[in-house]
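Heavy-atom basis, side chains included; hydrogens, waters and symmetry copies ignored. Sequence positions, counted from 1, serve as the residue numbers for this chain.
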Amino acid sequence: MRDRLIVGLDVPTLAEAEKAVAELGDTVVFYKIGYQLAFAGGLGFAQELVQSGRQVFLDMKLLDIDNTVAKGVENIARMGVTMLTLHAYPKAMRAAVAAAEGSGLCLLGVTVLTSMDEQDLIDAGYEYDPHTLVLRRAEQVRNAGMGGVVCSAAEAQAVRAIVGPELAVVTPGIRPAGAAHGDQKRVMMPADAIRAGASHLVVARPVVAAADRKAAAEAILAEMLTAA
């Protein structure tokens, strides 16, 4: 299960990220780096993690014109990270897949953010409810030749039925027993997410904001194991 737990280094400084990784030790082997840390020197730290034998999920949620996406993906593939996110727009995904060919980089299509509910989508101009939009984008991810999907665990079972057994189904919004939801609106407990078909769970605040980070990660892994 260690390869299936991704801890989000959602911290403001490199020093705090280094401290978190040191405290977690061998308990965690897979880390997510998003905007907050990326803009504080986190891209270089991502390469350090790769060189130390750890896996890195670079959560950049790319979306731009085809050429810009392709050139960005080419450079990211050279970094040696394991996973990279794009918003699941068909043209951007096709450009990214072509750019990453032969690199081993797993490209993930972000469907609907787990902080969004139906009213949020209406406010953004979408005509679909979250579940319907997630499934539509899962089909587009599969058709574009991507490596997997990012969705809430609530949609994991339905997404798995669409993308098949081989693609990654990565689920943020994971909250262990007793944890606060924070700004997440579509959440699930670790074991339930695994049972629903998630291949990887992304957990940030319940680990990095814990008084004992290693114990928090170990507790989540224990919950995940109950689904095996």
Side-chain angles (χ1 to χ4, degrees), residues 4 6 8-10 30-39 42-43 45-47 49-50 55-116 120-121 124-126 128 130-153 155-156 158-160 162-164 166-174 184 186 197-202 204:
R4 302 176 69 176
I6 304 173
L9 292 174
D10 296 343
F30 210 153
Y31 289 97
K32 176 181 79 75
I33 293 178
Y35 290 151
Q36 183 181 23
L37 189 59
F39 297 143
L43 296 182
F45 186 57
Q47 292 179 290
L49 289 173
V50 170
Q55 297 183 78
V56 174
F57 167 23
L58 201 57
D59 190 18
M60 294 291 98
K61 298 183 180 72
L62 301 182
L63 181 61
D64 212 310
I65 63 172
D66 295 1
N67 184 67
T68 300
V69 168
K71 296 306 180 184
V73 169
E74 286 174 3
N75 278 343
I76 290 168
R78 295 187 187 103
M79 293 172 62
V81 301
T82 302
M83 291 177 167
L84 168 70
T85 52
L86 300 88
H87 281 292
Y89 284 63
K91 285 190 70 182
M93 291 192 292
R94 289 194 294 269
V97 168
E101 186 175 1
S103 69
L105 176 63
C106 180
L107 297 171
L108 302 172
V110 176
T111 54
V112 176
L113 301 178
T114 51
S115 62
M116 300 182 75
D120 294 319
L121 290 181
Y126 289 97
Y128 301 106
H131 186 81
T132 301
L133 184 55
V134 167
L135 300 192
R136 177 178 174 83
R137 286 183 165 168
E139 291 177 353
Q140 293 169 331
V141 165
R142 180 198 63 201
N143 294 342
M146 296 275 282
V149 176
V150 179
C151 64
S152 86
E155 293 106 23
V159 166
R160 177 62 71 196
I162 290 170
V163 302
E166 300 301 323
L167 268 66
V169 175
V170 180
T171 58
I174 301 300
Q184 302 285 10
R186 292 166 20 251
S199 61
H200 298 79
L201 310 187
V202 180

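- A 6.0 Å sphere centred on CZ of R142 holds more than 12 heavy atoms belonging to other residues, nucleotides or ligands.
- The shortest side-chain heavy-atom distance between L108 and F57 falls under the 4.5 Å cut-off.
- Expressed to the nearest 0.5 Å, how far NE2 of H200 lies from CD1 of I174 amounts to 12.5 Å.
- Not one N or O on the side chain of T171 forms a donor-acceptor pair closer than 3.5 Å with the backbone of L201.
- A distance of 6.0 Å separates CG in L9 from CZ in F45, rounded to the nearest 0.5 Å.
- Residues D10 and K32 meet the side-chain proximity criterion, which asks for heavy atoms closer than 4.5 Å.
- The line from CG of D59 to CD1 of I33 is 10.5 Å long, rounded to the nearest 0.5 Å.
- Classification of E74 and K71 as a salt-bridged pair holds, one side-chain N sitting under 4.0 Å from a carboxylate O.
- H131 contributes atom NE2, which lies 9.5 Å from atom OG of S152 (distance to the nearest 0.5 angstrom).
- Heavy atoms only, all atoms of each residue included: C151 and P172 are closest at O-CD, 3.3 Å.
- Counting heavy atoms from C-beta outward, V150 and V202 have side chains that stay 4.5 Å or more apart.
- Contact detail for L63 and V69: the closest heavy-atom pair is C-CG2, 4.3 Å.
- Rounded to the nearest 0.5 angstrom, L105 CG and M83 CE are separated by 9.5 Å.
- Residues V149 and V163 share a closest heavy-atom pair of CG2-CG1, 3.8 Å.
- Looking at every heavy atom in both residues, H87 comes nearest to M93 through O-CG, 4.2 Å.
- A 4.5 Å side-chain heavy-atom check between V112 and Y128 finds every atom pair outside the cut-off.
- The shortest heavy-atom contact between R160 and G197 is NH2-O, 2.9 Å.
- Annotation: the span from Q55 atom CD to C106 atom SG amounts to 10.5 Å, rounded to 0.5 Å.
- Across every non-hydrogen atom of Y31 and I6, the tightest pair is C-CG2, 3.8 Å.
- With contacts defined as side-chain heavy-atom distances shorter than 4.5 Å, the pair K61/L86 does not qualify.
- Between V73 and L84, the closest side-chain pair of non-hydrogen atoms falls below 4.5 Å.
- A salt bridge does not link D66 with R94: none of the charged nitrogens is closer than 4.0 Å to a carboxylate oxygen.
- The shortest side-chain heavy-atom distance between T85 and L58 does not fall under the 4.5 Å cut-off.
- The closest donor-acceptor contact from the side chain of R137 to the backbone of T111 lies under 3.5 Å.
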